[in-house]
Amino acid sequence: MNIPMILDDCLARLARGEAVADCLTRYPDQAAELAPMLVTAIQLRDLSAYRLSGAQQLRGRMALRRALAAQAQPRPWLAWLGWLEWKLKSPALAAAAALLLFVGLSVGAVAASQPGDLAYGARVVVERAPALVLFDSGDRAAAELNIADRRLADLQNALQRANQADPTALHALVRGDEAAAAAASSLPEDQRSRLAERVQAHAVTLARLAEAAREEAAARSLSLAAARARDIAERLRTLPPQGNQPEGARSGEIAPETRTPAPGPTGTTVRPEPPTATPAATPTVEATPEAPPTGGSPTPAPVAAPSRPPTERPPESATPRRPPPAETRSERATEIAGTAMARPTHTPPAPLATRRAEQTPEPSRHPTAAPRHPTAEPRQTPAPPPIVETRRAEATVESPPTAHPGPTGNPGGGPPVTPGPPEPRPTRGGRP
Amino acid sequence: MAMQTPITDNLVISLIPRCQRGDQAAVEEVYTLYADRIYRYLLARVGDGDLAADLTTEVFVRMIGRLAGFRLNRERPAASFSAWLYRIAANLAADHHRGRGRIVQVSLDPESPFPAHDPGPDAIAERRETAATLAKAMQALSEDQRLVIIGKFVEEMSNTEVAAWLGKTEGAVKSLQHRALHALGRLLGAAERPA
């Protein structure tokens, strides 16, 4: 029998009324060890006689009633923190739970954000993330356009709510169209046509929004975005068969404006195409970059994209576009991309003139150069915005360019070749 | 010693859900069942009758606030609720000792916490001193040892009841009892006193 068992036996005997001495006599070998423990046990039994007095009990019951009444009251909204800590039994767990709650609320705030909100930029990025991991070109292009549809809806909401064209939504919309066009470069023509129709629908909607916009800055931004979307749609339609895509077209890069005939001061246009390009009846036929690389092309690459060989051009660049006399596509794209959205007024274009100077012969050297395709009708967009339409009408080969002095201040509406250094323009990564 | 109302599983099963619904009568009945028990435990912990009474009230106030989160163990309902209530009391006693730097106070209040069998002034003074000394010695025990001592010698439970209350075996209870009494006997100097 070990000591705990002997002690327990002695305690049971004490409880039955046996004396301590009698217990010790039963276990003489353990008596020295048992004695203090048995005496302590007797002292402890005295504690069982202790109880609350009547007054203490009354105070206790009153406190309970007050606590019950307070319990019936609604809790302060922060009481859940204390409850959480008690429930989780650990401050670390409570902190983790609170962090989880914060993350959940943040995600909710991002998901519910609208143009103009702080979290809207995060929403745009997060919503586009799934499209970036799609490897199938068709799926990715469709996903990009779906996201662009959402941005367009956001834009419409923002216009209805605050009559403002939100730059973030507008930029994301154009970027989505660009990304879809880039992803669609390797798709068959029928798929590209369908994607082009969707991009064209964006352009139409943007143009309508621009017409409906009450503020000039918003109308201008929307018009520029509509023109950009039209360009993208047109590029999608005119892409060559898959596998022959120029690098610039695949990446959604804007074709250099210098390859389009620029209106000269005397109503003449220039031929920016390489001499090997054969004029065709329609711009699209002519646009195919099947002209063999000539190596020493007379039209050097534009300054904005010096790494691209001169002959590696998007096919659309060879089409006889109707370039605006004062504002070029690349400038519009730059404005859409960010800076010009917030600008109420438009600065005169200057830097493109340098590029043109490298590629296009000076008008003075070709004073009688006729328009290359005077009868070629470029594609007409169904509902062009007023601002862009006016500019395009001014830039058509049928209209005399001399009647429109450029916004550069050239009274004669001179060629886009300016003798001075180009005015610094905000661009992104050297791209227009 | 006055007889205490026995706490049965059926009684606890009927009372606790009512308490959780905010039934004042049920709460007061729980108070009647457990107040003296908790008081004696706290008296053994803090050694001051008034302080133990205040802490007892605080235990039941906390019980009301936390009862909504309490889940009754259907296999041993009385033991599980009792253990939960004593844990609140133990936490309060620990908070008290942390806040007071483990200073055991002796009450000078004439309203004595001792039994109402008219003890003389000398007996009252001696018991106060004994309670304070005992509370000091109890601080040296582990919580399990304290609960075994309270269960066996204050609540006069059997080994089986204490084992069920604490969720331990009877052998473990006997071992805890031995270690606790050995430590207390040494701390209280019981060996020097006459048996």
Side-chain angles (χ1 to χ4, degrees), chain A residues 2-12 14-15 19-24 31-72 75 79 82-84 86-89, chain B residues 1-2 22 24 27-28 31-32 35-36 39-40 43-44 49-50 52-54 56-58 60-62 64-66 68-69 111-117 127 130-131 134 149-150 152-156 159 171 173-179 181-182 184-186 188-195:
Chain A
N2 58 17
I3 282 289
M5 301 290 286
I6 292 170
L7 175 64
D8 195 59
D9 181 54
C10 290
L11 290 173
L14 287 179
V20 172
D22 294 341
C23 291
L24 295 178
E33 190 177 354
L34 285 173
M37 291 191 282
L38 294 180
V39 171
T40 302
I42 289 174
Q43 287 181 332
L44 286 171
R45 287 193 195 281
D46 288 346
L47 275 176
S48 62
Y50 289 65
R51 59 189 60 247
L52 287 166
S53 68
Q56 286 169 334
Q57 285 208 18
L58 188 61
R59 282 200 295 269
R61 290 179 193 279
M62 294 301 290
L64 289 190
R65 287 170 193 168
R66 282 195 300 272
L68 279 171
Q71 183 82 359
R75 287 182 175 190
W83 174 85
L84 196 65
W86 173 76
K87 193 75 180 170
L88 296 174
K89 313 287 186 200
Chain B
M1 187 181 70
Q24 183 180 321
V27 171
E28 291 199 17
Y31 179 82
T32 303
D36 282 340
Y39 170 72
R40 284 190 286 269
L43 180 64
D50 283 343
D54 290 344
T56 301
T57 301
E58 180 62 22
F60 285 92
V61 168
R62 286 196 183 187
I64 290 171
R66 299 176 179 181
E111 187 178 31
S112 168
F114 302 120
H117 45 76
R127 283 177 170 175
T130 302
L134 180 62
I149 292 297
I150 295 291
K152 283 292 298 282
F153 302 105
V154 178
E155 304 303 329
E156 297 178 337
N159 285 338
V173 169
K174 287 176 186 173
S175 178
L176 285 167
Q177 172 183 261
H178 168 245
R179 285 200 294 268
L181 283 177
H182 184 74
L184 286 176
R186 196 180 64 247
L188 295 174
E192 298 174 3
R193 296 183 185 181

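Computed over heavy atoms, backbone and side chain alike; hydrogens, waters and symmetry mates excluded. Since this is a predicted model, take the numbers as computed values, not measurements. By convention in this document, chain letters (A, B, ...) are assigned in the order of the sequence lines, proteins followed by strands, and residues within each chain are numbered from 1.
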### Query
Which pair of heavy atoms, one from Q56(A) and one from G49(B), lies closest together, and at what distance?
NE2-O, 4.0 Å

### Message
By the definition side chain to side chain contact (heavy atoms under 4.5 Å, CB included), identify the one residue from I3(A), I6(A), D8(A) that meets it with K174(B).
### Response
D8(A)

### Query
How many angstroms lie between CD in Q24(B) and CZ in R65(A), if you round to the nearest 0.5 Å?
5.0 Å

### Task
State whether the side chain of R40(B) and the backbone N or O of Y50(A) hold a donor-acceptor pair below 3.5 Å, judged by distance alone.
yes

### Task
Sort out for me which of I64(B), T57(B), I149(B), V173(B) touches chain A most, counting heavy-atom pairs under 4.5 Å.
I64(B)

### Task
Calculate, to the nearest 0.5 Å, the distance between atoms CD and CE belonging to Q177(B) and M37(A) respectively.
9.5 Å

#### Entry: Close side-chain approach of L52(A) and Y31(B), heavy atoms under 4.5 Å
yes

### Message
What verdict does the side-chain contact (heavy atoms from CB on, under 4.5 Å) test give for H178(B) and E33(A), after you've listed the backbone C-alpha separation in whole Å, the side-chain angles of each residue and the deciding distance to 0.1 Å?
### Response
CA-CA 11 Å; H178(B) 168 245; E33(A) 190 177 354; 3.7 Å; yes

#### Entry: Residues forming a side chain to side chain donor-acceptor pair (under 3.5 Å) with D9(A), sequence neighbours excluded
R13(A), Y27(A)

### Task
With a 4.5 angstrom heavy-atom cut-off, could you sort out which part of Q57(A) is near chain B: side chain, backbone, both or neither?
both

### Query
Can you tell me how far CD of E156(B) sits from CG of L47(A), rounded to the nearest 0.5 angstrom?
11.0 Å

### Message
At a 4.5 Å cut-off on heavy atoms, which part of L11(A) comes close to chain B: side chain, backbone, both, or neither?
### Response
side chain

### Task
Compare all side-chain heavy atoms of L184(B) with those of L44(A) and state whether any distance is below 4.5 angstrom.
yes

### Summary
Scanning both residues in full, the closest heavy-atom pair of V154(B) with S48(A) reads O-CB, 3.1 Å

### Task
Between chain B and each of A19(A), P4(A), A67(A), count heavy-atom pairs under 4.5 Å; write down the option with the most.
P4(A)

### Task
Apply the test side-chain contact (heavy atoms from CB on, under 4.5 Å) to residues Q43(A) and L134(B): give CA-CA distance (whole Å), side-chain angles for both, the deciding distance (0.1 Å), then the verdict.
CA-CA 9 Å; Q43(A) 287 181 332; L134(B) 180 62; over 6 Å; no

### Message
Need one label for T56(B): side chain, backbone, both or neither, based on atoms under 4.5 Å from any heavy atom in chain A.
### Response
side chain

### Query
Among D54(B), L176(B), T32(B), which has the most heavy-atom pairs under 4.5 Å with chain A?
T32(B)

